[in-house]
Amino acid sequence: IAEFFPETKFFGLLMAQELLAIEKVLKDGEKPVLAIIGGSKVSSKITVIENVLPAIDKLIIGGGMAFTFVKALGGNIGTSIVEVDKMDLALEILEKAKQLNVEVLLPVDAVITEKFDNDSERKEVDIYEIPEGWMGLDAGTKSRLLFNDAILNSKTILWNGPLGVFELPNFAAGTIALGNSIIESTNNGAFSLVGGGDSVAFVKSNGLEDKVSYVSTGGGAMLESLEGKEL
């Protein structure tokens with residue numbers, strides 16, 4: 001249809017909001033700008049991280065993907081999810097962040113368990129010292145405090161991806177704490193953009209949509225724009 005209107009076509013108001021929200025983070029966000037990238041795999045977020053690095057001051061890496069970084073840095077991660085073939089890439093990202101003066105925050109502790117089960121025994125340990133046969137499914141108490149400080153000291157926040165397996169209530173505390181920190185920072189005047197399936201699902205299921213600045217409904221398209229692709 002658009003082809004028939006070479007001079008008079010417009011995108012809708014929702015599309016405008018999406019683009020302005022992303023621009024507010026990547027182009028004219030008030031500093032310090034913080035990106036929180038979580039989720040299970042580094043591979044699905046690599047291009048997002050690489051593209052946002054030049055625009056941000058701090059980067060929190062959480063969720064399952066953090067274990068690839070921890071293992072690459074010499075940590076013992078037990079049976080936690082890991083992409084062994086992406087470990088070199090993880091180190092490259094850390095090096096690139098260093099060159100760009102971006103502070104990278106990884107979890108320092110983890111809530112671990114032996115089975116992927118809500119009711120299995122759990123304990124908190126140093127994320128670099130997870131025993132054999134145990135897996136990390138959530139960020140621990142120290143990590144939550146570390147991330148809380150970073151969030152409260154930021155003026156612009158992008159959140160994409162959870163910190164743990166929040167579908168299992170006993171492993172949702174890290175993501176809940178993160179959401180609460182973002183809300184507190186937003187109340188203090190920060191601009192917060194939440195985007196990407198899992199983060200949006202979490203915000204909606206916990207009734208937090210009105211407590212952050214903008215919740216993207218763009219899903220994959222929002223991620224692609226964060227990757228620097230042309231929409």
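Throughout, residue positions are numbered sequentially from 1 according to the sequence presented.
If you check the side chains of Thr186 and Ser213, you find no donor sitting under 3.5 Å from an acceptor. A donor atom on one side chain and an acceptor atom on the other are not found under 3.5 Å apart for Glu121 and Thr113. Under the 3.5 Å distance criterion, with hydrogens and angles disregarded, a donor-acceptor pair is assigned to the side chains of Lys45 and Asn160. Counting only N and O atoms by type, the side chains of Ser143 and Asp109 include a donor and acceptor under 3.5 Å apart.
Inter-residue side-chain proximity for Leu193 and Glu18 is flagged as unmet; no heavy-atom pair is nearer than 4.5 Å. At a threshold of 4.5 Å between non-hydrogen side-chain atoms, the residues Asp126 and Val108 do not count as touching. By the 4.5 Å heavy-atom criterion applied to side chains, Ile61 and Leu59 are counted as neighbours. Between Leu137 and Ile112 there is no side-chain heavy-atom pair separated by less than 4.5 Å. Using a 4.5 Å cut-off on side-chain heavy atoms (C-beta onward), Ile37 and Ile60 make no contact.
Screening residues 60-87 for side chain to side chain donor-acceptor pair (under 3.5 Å) gives Ser43-Glu83 as the qualifying pairs, with residues at least two apart or on separate chains.
Figure legend: Lys123 and Trp134 shown as a cation-pi pair, the cationic atom lying under 6.0 angstrom from the six-membered ring centre and within 45 degrees of its axis.
In this structure, Asp138 pairs ionically with Arg144, as a charged nitrogen and a carboxylate oxygen lie closer than 4.0 Å.
A search for ring-ring contact (aromatic ring centres under 6.0 Å, His included) contacts involving Phe166 returns Phe202, not counting sequence neighbours. Judged as a side chain to side chain contact (heavy atoms under 4.5 Å, CB included), and not counting sequence neighbours, the contacts of Asp119 are Asp117, Asn170.
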